[in-house]
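Chain letters run A, B, ... following the sequence lines, proteins first, then strands; residues in each count from 1. Everything numeric in this text was worked out from a predicted model, so none of it was measured.
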Amino acid sequence: MNLESFLLMRHELVLTIITLIVLVAELSVNDDNKRKVISIATVLFGINMVIGFLPNMAGILFGKMYINTDLQWTMKNILNLGVFVVLLQSVAWLKETENKIKISEFYILIFSTLLGMQFMISSGSFLMLYLGLELATIPMAALAAYDRYRSNSAEAGVKLILSAAMSSAVLLLGISFIYGTTGSTYFDVVALKYTTAPLQTLAFILFFSGMAFKISLVPFHLWTADVYEGSPINVTSYLSVISKGASAFILVTVLFTVFNSIALIWKPLMYIIAVLTMTVGNLFAMRQQNMKRFLAFSSIAQAGFILLGIIGASNIGMTSVIYFVFVYIFSNLGAFGVVSVIYYKSRKENMDDYNGLYFTNPKLSLVMMLALFSLAGIPPVAGFFGKFFLFTAAAESGYYWLVFIAVLNATISLYYYLLVVKAMFINKNETPIAYIKTDWPAKVAILICVIGIFAVGFYSGIYQYITSISFGI
Amino acid sequence: MDILSLFVIIPVITVLAIILVKNPMQTRLISAIGMGIQLLLAAYLIYAYFAERNAGNMDEMLFMKDIIWYEALNIHYTVGVDGISVAMIALTSVVVFAGVFASWKVDFLPKEFFISLILLSSGVFGFFISLDIFTMFLFYEVAVIPMYLLIGIWGSGPKEYAAMKLTLMLMGGSALLMVGLLGIYTNSAPNGGPLTFNILEIAKVHIPIEAQRMFFPMTFVGFGILGALFPFHTWSPDGHASAPTAVSMLHAGVLMKLGGYGAFRVAIFLLPDAAHELSWIFIILTSISVVYGAFGAIVQKDLKYINAYSSVSHCGLVLFAVLMMNKTAMDGAILQMISHGLMTALFFALIGMIYGRTHTRLINEMGGLMKVMPFLGVAYVIAGLASLGLPGLSGFVAEMTIFVGSFQHVDTFHRVVTIVAVSSIVITAVYILRVVGALLFGPIKNDHFLQLEDAKWYEKISTVTLIMAIAAIGIAPLWLSNMIGDSLQPIIDKLTIMIP
Amino acid sequence: MHTVIPIEYFLVTATLMFFAGVYGFITRKNLITILMSVELMLNAVNIIFIAFNRYLYPGQLEGHFFALFVIAVAAAEAAVAIAIIINIYRNFQSIDVEETDKMKY
Amino acid sequence: MDYILSGNQIMFILFSAMIVIFSILTVTSRRILRAAVYLLLVLISTSGLYFMLNYQFLAAVQLTLYAGGIVVLIIFSVLLTSHIDEKFESPALLKKVYGAIASILGAVLVINTLLSYTFIPGIEPAKDVNMNLIGNSLISWGEQGYALPFELISILLLAAMIAAIVVAKKVKTK
Amino acid sequence: MTDFSYTILIPLIPIFFFLIIGLTGHKMKPIISGLIGTTGLSIAAILSYFTAYQYFFNTEKIDGAYQKILAFNTVWINFTDKLHVDMGVLLDPISVMMLIVVTTISLMVHIYSLGYMKGEKGFARFYAFLSLFSFSMLGLVLATNIFQMYIFWELVGVSSFLLIGFYYEKPSAVSASKKAFIVTRFADLGFLIGILILSFNTGTFDFISLTDIHGTAIASGSGIAFMGLSTMTWSLIFVFIGGAGKSAMFPLHIWLPDAMEGPTPVSALIHAATMVVAGVYLVARLFPVYAISAPDGLTVVAYVGSFSSLFAAVIACTQYDIKRVLAFSTMSQIGYMMVGVGVSRYGGHEGLGFMASMFHLFTHAMFKALLFLGAGAIIHAVHSNVMTDMGGLRKYLPITHITFLIACLTIAGVPFLSAFFSKDEILTAAFHHNKLIFFVQLFVAGLTAFYMFRLYFRIFWNRDTHYHHTPHEAPLTMSIPLMFLAVASIFAGYIPFSKLVTSDGLPLEAHIEWIVAIPSIIVGLLGISIAFVMYKKETTIPQKIGSSFKLLYVGAFNKFYFDEIYLFVTKKIIFNYISRPVAWFDRHVVDATMDGIAWITNAVSFRIKGLQSGQVQQYAFVFVSSAILLGILFIYLFSI
């Protein structure tokens, strides 16, 4: 262990330190000054994010349990950026009186789940993967149940923890078979020994089910909507964006590095799952009224698109997945940012409540529209590029019909995104949501999203960079 | 800055300027100025194009500009124009210019209206200058989406339904299209080497016939939906009926042309073998479109519906001609796009103006309007005559070029369907005269109409611009026809070489 | 150490245990009993890990340590789950799983 | 040798039978406290298996942490949320059918697949599992070192603790 | 060679004045616009006369034949390498003759309208349209190629439409104009198809190359193609459909009577003298092609012409609206012309019919314009179109009376007036070619004399009708054209047409064949006498005859119900049985399919909502069973 090793692990280390600082702050700040923790934690996390962006050295630590190449470095930075936006969006919510006593806990839990994700991303063995996954899940349940006087929140918490426990048990069963058939839990060893024997296929499918649960792929997605709806909005956005994004990163790396020898199995599997996910996600999203639930289903559908990049199984495929997640973070956080601002000012989160929003809150509506267009994949915003590249990846591998189904689904998704746009811009309302003055952290957060939505698409350097760090099978 | 990119940049700058200003009047003025500059630029482009050609530059595309965008996927921002694109750009700038004046009196959220309208136009311009399928597709979708808002917010009647239907059908079309384009892309280097989106590059290679067979229908139908190909045209009547004036103008006038242009620039140009092989299916569909649209128009009562069906018929003719795949017919197809663009824009502008006065679009509630609004009446008659193909107006030139061209085909099948398509000119005459008669002539049905005023100055600008363009093409078509024809030559060469 | 008990016996036992857990998860009404079912499943996986480690790969202790960490995770999970279940109890005055379906469709 | 082997077999049969039977009882018993006790018995039997396989440390952990910790936690929560003698009605038939389908199908599939696979034992010589080795492994960061997971689990436990607190925390009313 | 390039000005002058009047007419005094238009046309007329003089008398002939002179030509649009549409001026005997006819009649109508249209709203518009029409008609006759002809063909159609619908507030005028346009448009469809086939076959639009009897064009497409006729024949029959439409030949004649809704000068110009003969002109234009490559086509022309002339003449005997009588008379006379070209063959004396037809076209233009203008003067005086409102007008309208009488005598074929010569030549040609047609035409000649004098006596003699205000003679602007045309009607027959306008350009020796002439004179006089008996005084003979031939009379009176048949076809069949079903199909099948897809998606969305039941245990079940099913799928069913 030396300094370089520490530099290599700086994302995790700094984050741990911050977590501890917040813990100390919680203990040392008296009750009336708890809100100071908000700024402390946010600023600290900002610093962490900046540190994360410092140039990286690739390396392997802990006997291949910890891998950090440019790819992992990039993924973590993307997540950091997303979390930073989430934190900014949460400020208004945390300042509410009922949350006063548990501000620091919020940060500790967010940071520790993020830490879990980062370890997952960097994991070099199934053990680390599993532990990271649990670290990213268990505190998450508490976050979902954060509003403890809201029964929906409690329900969300219990649904999340029980489903997660169940899914991790299935995942573990898969890992145990992987271990049994290959004699190792290290990725590199497993990759060498993996074949399409029935037990190994079964092991893979069990493992995949567990991962699919995290990314909420159909039919492993059922918890998603309820949990998203019940959780506090900012937790929902964290769940739907950061947690899902991290899991997608991991899925793509694991599939490409560990299970590349059984691509013949998982490609058709992905095909089925992708079609199911997109279609079911869209069909459910179509008739949702609650904005959170609506976005939940829409994010399920989005996950289906990610599979198109994975199925491409090429450098372009991986690039597109990462790029898409990057874009998706901005788009979805933009949408959630608006939903959150509106909810905490007006306590309204139904689509009908948004009727005529443009006439009272033009800026918020515009941001919302942009974000939704980006989600729908409408140019010139970044979402278009993200989707197009995913489709390109799938098409290059010859999955034209899958692309066709995907684009049809994108059309359905456009339908429901337009429903929101319609509500905001076209529908009339007797009692529209009054003008909302957005607090500045949320403004900054939304601004970041808007810039991201525009810049990521037009500035091709990002994609180019991701290409250089990606790989295919 | 190259001249072509200006066509995209000027609208964007205009939009930014509109965002900054406060009152509606300034908004209008800025829009008018921006689009006026665009019109002048288009005029200059035509001049520059001829100057370049006369100077002996016989490149397939002029004013090319190539910037690498997404290197990994070999996506470039490639722009360039040949005579066809120049013509389409000119058309667009005329229609947009007229559209701005036609919507001078939009008083509900005028700023937003003009922003959407001009954004839409920038998409259209971008589409026509693109030589890279990716950017082409990007601009295509940019052009389609503002339509939703424009119809949804400023439309009339069942506008939400219509807007949604239009958007979804067009997007459904672009689902096919995207697969088709990606298919072309992935097959663009059958002999190895990097894949490319560049149309000119792809045109040089021979895409395997199996791939062509799969992707030609997709690409063609994908574009065809926008070009109101039977039976995917039903978005058009509802959409047009609900859209506000300028939007109908732009949509029927320009946006539907993206379909025809794309069908020919991408589907046929890049997939010629399959086009030869499968064209008969689409020829049948389009000839159905031509006749069916015309018959459909006869019984409609709503002015906009009549025009929408008429557009189905006329745009069907565009695709029909494109599929004939000979120079004359294709030349006619382009001419028809321009001609239809202008006259249908004129139609919709006038319908908007009349509707704004009478508050009805049902022809049986109107009558004798010629007496109270002679200017609009005369303009409407001119539009009608252009539509039914009166010599001296653009429609005639286009249709005749198509018919003569199509009839030169060696197959009897092609000649027979040509005759079917030709018969549409009579049906067109029937519905146009029916409308003109019911709307403008006869006694005035409603005393309230006597109070109506004739066109205002801005409406006159809009109308006169379009009429002048229509007449200019109709009277002196040679320069335009030659400009298009010369540019068609490389395409025809490719089509003929590809025939074994 | 060699033994005549084949590894399959262990695996079958563990599998049965696992799916007993699955059965419990799906059928039990009480949230706490569902949690117990989860513990059964985790425990079953541990047995599999240990059996593999002992029978097939005794040269390293990966399975052993995996099981160890699973136990720790299970503990943490149980703690949080129980906290949430108690919270449910406070909100719903019941820990019947069928009542926690306020959000659906 | 024979004796030992057969003793081993007896022990295995005993433990596995207990595991299976008590597992089923755990998930079917209609009294919650009994279910908890059955769970305890399953866990204890499991540690018996570990002992049998010579993983004494793990067995001990199983006993203390699992049987001692988790089950006690569960029993506490049962006491907090239910009456001890409460007997719930049998679950709905449909649920049972679903549960049975899923679990039987799953068990058949997994067992069938497991049995069809021929496991090839590793060639490395067996390691003697003693506390020393375990301790060293847990703090070493090379190959087969578990320092990082060990640290990670500690954070996990801390986070879980805080998570549990957050959920349970009450606003102080003034 | 004389330079004729100035002739391009002849059509350009009217269009120039059209633009001036059209754009600024509503700002100027009405009379000014009228004078401007008249001036323009006078210039054109003078140029035309000059051209005619130059062409016929100052241009060298080759082998004694008049040549086709391409006076001006510019490419208008290129279709293919071979097929290009030019705009230009082609001078040959028939086009020069038509120049005279068109400019003369047009000028007369211009002058006449100064008086007739005085005080009408839209005076300037009227003159603008007249100029537009003159332009179009001149362009048509001067066309160098068949496509240019088609272009101007359409333009005259639209001018006619505009002028028929001049009184656009009158529903009957509007529907008449629509009818005229649509019927001729339908015929033009045939024309266009004909052009397409013709050009496809011959590879050219150009009249000079098409009609070059030694050229390649004329010889192509002569093989039997379809239903026993050659491609060339088919194409020319299609072309003739166009001509038949414009020239109101049976069964495309129905628009012509209704077209009388337009102002009377318009009827004189367009629907009597110039536009309606375009069909004859078209056949004459392509005559060598017809004669050499498609004689079957000519037969069709002859029979259609003959039947039409009989048909129209019968109807004309029963009509009361004087303009309608004249309209049917026009149709009948054009039938004559068609017969003329139809029975003709190319070259030499065989081409007599052609010459006669052109001759008759010329004379007919004069006397028919005169009749219409005279009718206009009458209508102007009594404010009615209907014969029954008139009677004894000779006292009030002396000039009109005299000129009208001259015209009636002319059309009746009274010897030594112009039409005597021209009609006689046609009959002669028919006599030599086809006896059946000859006898029909002879009978029609009698009918013509009868119905014209029925008209004449009914208007100027018969009973004295009481008028609300005394009819008075038309102003000078109206009577001068009447007098001019009367003179022309008398003397036009002495123009040596057979020397000037022949099928092959060579002069022809034509003389009156008394074997034909005498019967025709007798028949004509018979017709006049019958009319004299029946209509000189108010008698009951007409009613008696009407009731004794009731079926025929009622049929003819109702124009043999052709309007009703057309109405049935358009309203019932096209409107109700094609368009409505199409529109219905579009809404309820095509569109409904699209909506249905959306509806199904939505319905499915609601159907599957049970999947998301809110029950965490069900989620777990789905989770586990999905994993298991996927396992089964990939282990057993999809094993590699």
If I measure from the heavy atoms of chain B, does [X] come under 4.5 Å with its side chain, its backbone, both, or neither?
| X | result |
| --- | --- |
| E:F585 | both |
| E:I197 | both |
| E:V75 | both |
| E:F161 | side chain |
| E:D188 | neither |
| E:F238 | neither |

Option that, when pairs with chain E are counted at under 4.5 Å, heavy atom only, ranks first among [options]:
| options | value |
| --- | --- |
| B:Q300, B:M400, B:M164, B:H233 | B:M400 |
| B:G296, B:G367, B:P477, B:G485 | B:P477 |
| B:L388, B:T418, B:N482, B:L385 | B:L388 |

I'd like to check B:F295 versus E:F575 (side-chain heavy atoms, cut-off strictly below 4.5 Å). Are they in contact? no

Does the side chain of B:Y292 come within less than 4.5 Å of E:D586's, by heavy atoms? yes

Treating B:T328 as the side-chain partner and E:F79 as the backbone partner, does any N or O pair qualify as donor plus acceptor under 3.5 Å? yes

Closer than 3.5 angstrom, by distance alone: can the side chain of E:S579 be matched with the main-chain N or O of B:V299 as a donor-acceptor pair? no

Interatomic spacing from [atom1] in [X] to [atom2] in [Y] - rounded to 0.5 Å:
| X | Y | atom1 | atom2 | value |
| --- | --- | --- | --- | --- |
| B:M169 | E:D591 | CE | CG | 7.5 Å |
| B:D331 | E:N78 | CG | CG | 9.0 Å |
| E:R185 | B:I432 | CZ | CD1 | 10.0 Å |
| B:L168 | E:T601 | CG | OG1 | 9.5 Å |
| B:L433 | E:K179 | CG | NZ | 14.0 Å |
| E:I77 | B:L480 | CD1 | CG | 8.0 Å |

Flag the one option from [options] with the top tally of heavy-atom pairs under 4.5 Å to chain B.
| options | result |
| --- | --- |
| E:V85, E:L155, E:V589 | E:L155 |
| E:R580, E:E154, E:K178 | E:K178 |
| E:I578, E:L162, E:V158, E:L196 | E:L196 |
| E:V174, E:T80, E:I151 | E:I151 |

Using heavy-atom distances under 4.5 Å, tell me whether [X] contacts chain E through its side chain, its backbone, both, or neither.
| X | value |
| --- | --- |
| B:Y309 | side chain |
| B:I298 | both |
| B:R434 | both |
| B:S481 | side chain |
| B:K327 | neither |

Could you please spell out the steps behind the side-chain contact (heavy atoms from CB on, under 4.5 Å) verdict for E:F200 and B:H409? CA-CA 9 Å; E:F200 178 73; B:H409 214 285; over 6 Å; no

Apply side-chain contact (heavy atoms from CB on, under 4.5 Å) to residues B:V404 and E:F147 and explain how you reach the verdict. CA-CA 11 Å; B:V404 173; E:F147 218 95; 3.8 Å; yes

I'd like to know whether [atom1] of [X] has more than 12 heavy-atom contacts from other residues, nucleotides or ligands below 6.0 angstrom.
| X | atom1 | value |
| --- | --- | --- |
| E:Y167 | OH | yes |
| B:K460 | NZ | yes |
| B:F413 | CZ | yes |

Hey, can you tell me if E:Y168 and B:F441 have their rings parallel, tilted or perpendicular (30° and 60° cut-offs)? tilted

Between E:L83 and B:Q408, is the side-chain contact (heavy atoms from CB on, under 4.5 Å) condition met? List the steps. CA-CA 10 Å; E:L83 295 180; B:Q408 300 304 313; 3.2 Å; yes

Tightest non-hydrogen contact, residues B:P237 and E:R587, listed as CB-NH2, 3.8 Å

If you look at every heavy atom in E:W76 and B:G474, which pair is closest and at what distance? CZ2-O, 3.0 Å

With side-chain contact (heavy atoms from CB on, under 4.5 Å) as the criterion, how do E:I193 and B:F403 come out once you've worked through the C-alpha distance, each side chain's angles and the decisive distance to 0.1 Å? CA-CA 9 Å; E:I193 293 172; B:F403 294 148; over 6 Å; no

